[in-house]
Amino acid sequence: NHNALTVASLWAPVFAIYLLDLQVFYTLVSAVWGFLLGARDRLGEIRSIGALQKLFEQFPGAFMDTLHFSMIYIFRGSRQSTSQAVEKQKFDAARFSPFWNEIIRNLREEDYITTFEMELLLMPRNSGDIPLVQWPLFLLASKIFLAKDIAAESRDTQYELWDRISRDDHMKYAVQECYYAIKLILTEILDEVGRLWVERIYEDINASIENGNIHTDFQLNKLALVISRVTALMGILKENETPELERGAVRAIQDLYDVVRYDVLHMNLRENYDTWNLLTKARDEGRLFAKLKWPKNTDLRLQVKRLYSLLTIKESASSIPKNLEARRRLEFFTNSLFMKMPRTKPAREMLSFCVFTPYYSEIVLYSMAELLKKNEDGISTLFYLQKIYPDEWKNFLARIGRDENASDTELFDSANDILELRFWASYRGQTLARTVRGMMYYRKALMLQSYLERLTAGDLEAPASSDELSDTRGFDLSPEARAQADLKFTYVVTCQIYGKQKEEQKPEAADIALLMQRNEALRVAFIDIVETLRDGKVNTEYYSKLVKADVNGKDKEIYSVKLPGNPKIGEGKPENQNHAIIFTRGNAIQTIDMNQ
């Protein structure tokens, strides 16, 4: 009757091990359950550029279903014809491309990718008359040459040949786009007789495909000649019009006619004798293709350049982009398209918010002295950054118009290049400039979304060929978009001693002023200490002030609030935020530290 302690000591280890086993089993079950939930929600599905390329076709649809504002569209139904499905895909792609392209342009502005990589990654407008979705060139690069080799070496039937090409979706898209683009461009630039030739050729090709006789009616092993002639023509047409180039374009299209007529065509021309007789007579007399309409329409010029790129890029772009940070950002963004989330509301209905960053005396922008100062090992900060970011350094030099092998000293003869160099280095360090740039992307994204919402709200059935909708590079100049973004987003950096730094003419104050000049929506709050002489005694007054940059780049005071005394009664950073919180606006505040 007195062995309770003995019983407890015997069973206590058993109970403890039981609890330990529960924890182990809980860990295992939670891991399996978390894996199943993640697999269901497709989290982390895109872990490489290869996966991104493979799933790229799904991005526009996922974007429209999840991230874009609600929009009624005639083709969004469960039962669709083939033409309706294509129109829906083009519609989705036209709405998705501005957002994708803005991300790509920002990667170039930040020097993570080269100009060539940017051109490959940009998505076409999908606003033209080509009856299919035009995908970025990095998906289609070199596919035409692979398809040409398959066709030239194939001894299979037409259907087996197309099946081999169609196993690679991107190769199929490249072939189809070239087929339609060549017809579109030739029809636009040729006169009536020339268009008759284009229509005759395409009617013969379509009839041959329908009958399954493409191998017998056309010499597919001569496709290389056709590609070379079309490439030469596109290479001339993508330049600005001159009399010499116009004569060269006429010769190029005459060469294309001769190759198609005498080398590629292998069918009985008697069925359309009158047409071919008219064309042959015009060619012999020199009237055929004598006058060309030079492509001046923006869409047509873009199509010419794109077709030229499709026919000249022989290397695969499967490793584009090469920069790891650029890859990480694209993978993160595309993964987010498949997350389970509520449908996005229009920008005008979102909660307004303010980003709030405290700053004391940290580095705002690297000075040239700081970048060139060497440590005990004889290595400067600039040299270190050049070595750990070699590709970004070359991209930076190309962006400012310098040779990629240019030395540092060559940049010192230009004040603008020096300033760009300081920003380039500061964006790769723990600086206020880097934080401000990152947070201001909120405003840029809101402006873009507001701009597109404004264009589509008035006419929900507007065709995808709208130039204004497709080309959004001027969205940040739209007064309505800027006003909408400013209503929903503000950014206040509370620089506690900015007033003191200005009085002492410290470089940090000049750098903060420079940030305000480059970011018009940026506001700076600080404590202004004013000493006055009253009754023979020095009286100290404290003011919370909010300033912005005016049109002349000078500080413009927005608010000045007199404080009852020294606001610093506790720790520095919380008090730095407390005095400035009255200047924040919106439904929410996001506090972001400099090292975030």
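The structure displayed is predicted, hence computed values, not measured ones.
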Electrostatic pair [X]:[Y] at N-O distance under 4.0 angstrom:
{"X": "Arg399", "Y": "Glu420", "value": "yes"}
{"X": "Glu504", "Y": "Lys506", "value": "yes"}
{"X": "Arg105", "Y": "Glu102", "value": "yes"}
{"X": "Glu241", "Y": "Lys296", "value": "yes"}
{"X": "Asp169", "Y": "Lys54", "value": "no"}
{"X": "Arg402", "Y": "Asp417", "value": "yes"}
{"X": "Glu557", "Y": "Lys545", "value": "yes"}
{"X": "Asp555", "Y": "Lys502", "value": "yes"}

### Task
I would like to know whether Arg329 and Glu325 meet salt bridge (Lys or Arg N to Asp or Glu O under 4.0 Å); could you show each step before the answer?
CA-CA 6 Å; Arg329 291 193 189 186; Glu325 174 63 12; 3.0 Å; yes

Contact check, side chains of [X] and [Y], non-hydrogen atoms, under 4.5 Å:
{"X": "Ile592", "Y": "Gln590", "value": "yes"}
{"X": "Met64", "Y": "Phe96", "value": "no"}
{"X": "Arg518", "Y": "Leu419", "value": "yes"}

Donor-acceptor contact present, side-chain [X] to main-chain [Y], <3.5 Å:
{"X": "Ser336", "Y": "Phe333", "answer": "yes"}
{"X": "Lys488", "Y": "Arg348", "answer": "yes"}
{"X": "Asn576", "Y": "Thr494", "answer": "yes"}
{"X": "Asp550", "Y": "Asn552", "answer": "yes"}

Quick check: are there more than 12 heavy atoms from other residues, nucleotides or ligands sitting under 6.0 Å from [atom1] of [X]?
{"X": "Glu349", "atom1": "CD", "value": "yes"}
{"X": "Phe412", "atom1": "CZ", "value": "yes"}
{"X": "Tyr427", "atom1": "OH", "value": "yes"}
{"X": "Lys500", "atom1": "NZ", "value": "no"}
{"X": "Leu324", "atom1": "CG", "value": "no"}

### Query
Parallel, tilted or perpendicular for Phe56 and Trp135, by the 30°/60° rule?
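The rings of Phe56 and Trp135 stand perpendicular, inter-plane angle above 60°.
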
What pairs with [X] under salt bridge (Lys or Arg N to Asp or Glu O under 4.0 Å), at least two apart in sequence or on another chain?
{"X": "Arg422", "answer": "Asp511"}
{"X": "Glu57", "answer": "none"}
{"X": "Arg437", "answer": "Glu110"}
{"X": "Arg301", "answer": "none"}

Any luck finding a side-chain donor-acceptor pair between [X] and [Y] under 3.5 Å?
{"X": "Thr114", "Y": "Asn395", "value": "no"}
{"X": "Thr115", "Y": "Arg108", "value": "yes"}
{"X": "Lys394", "Y": "Asn405", "value": "no"}
{"X": "Glu480", "Y": "Gln484", "value": "no"}
{"X": "Gln134", "Y": "Gln303", "value": "yes"}

### Working for side-chain contact (heavy atoms from CB on, under 4.5 Å), residues Phe59 and Phe338
CA-CA 9 Å; Phe59 296 163; Phe338 300 104; 3.6 Å; yes

### Task
Under the side-chain contact (heavy atoms from CB on, under 4.5 Å) rule, what do Phe116 and Leu121 come out as? Steps first, then yes or no, please.
CA-CA 9 Å; Phe116 178 67; Leu121 289 165; over 6 Å; no

### Task
Walk me through it: do Lys305 and Glu119 pass the test salt bridge (Lys or Arg N to Asp or Glu O under 4.0 Å)?
CA-CA 11 Å; Lys305 292 179 180 179; Glu119 293 173 353; over 6 Å; no

Taking only residues two or more places apart in sequence, or in another chain, which ones meet [X] in a side-chain hydrogen bond (donor to acceptor under 3.5 Å, both in side chains)?
{"X": "Thr242", "result": "none"}
{"X": "Asp377", "result": "none"}
{"X": "Gln89", "result": "none"}
{"X": "Glu109", "result": "none"}

### Task
Would you name the heavy atoms of Ala425 and Leu371 that are closest together and state the gap between them?
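Shortest heavy-atom separation between Ala425 and Leu371 comes out as CB-CD2, 3.5 Å.
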
Sequence neighbours excluded, which residues qualify as ring-ring contact (aromatic ring centres under 6.0 Å, His included) partners of [X]?
{"X": "Phe396", "value": "Trp393, Trp424"}
{"X": "Phe489", "value": "Phe353, Tyr442"}
{"X": "Phe526", "value": "Tyr498"}

Please report, to 0.1 Å, the donor-acceptor pairs under 3.5 Å made by any side chain of residues 558-567, with sequence neighbours excluded.
{"unit_1": "Lys562", "atom_1": "NZ", "unit_2": "Glu541", "atom_2": "OE2", "d": "3.3"}
{"unit_1": "Asn566", "atom_1": "OD1", "unit_2": "Lys568", "atom_2": "N", "d": "3.0"}

### Task
Carefully, step by step, assess Val524 and Tyr491 under the rule side-chain contact (heavy atoms from CB on, under 4.5 Å).
CA-CA 9 Å; Val524 170; Tyr491 188 20; over 6 Å; no

### Task
Give the C-alpha distance, both sets of side-chain angles, the deciding distance and a yes or no for side-chain contact (heavy atoms from CB on, under 4.5 Å) between Ile185 and Leu307.
CA-CA 10 Å; Ile185 295 170; Leu307 180 58; 3.7 Å; yes

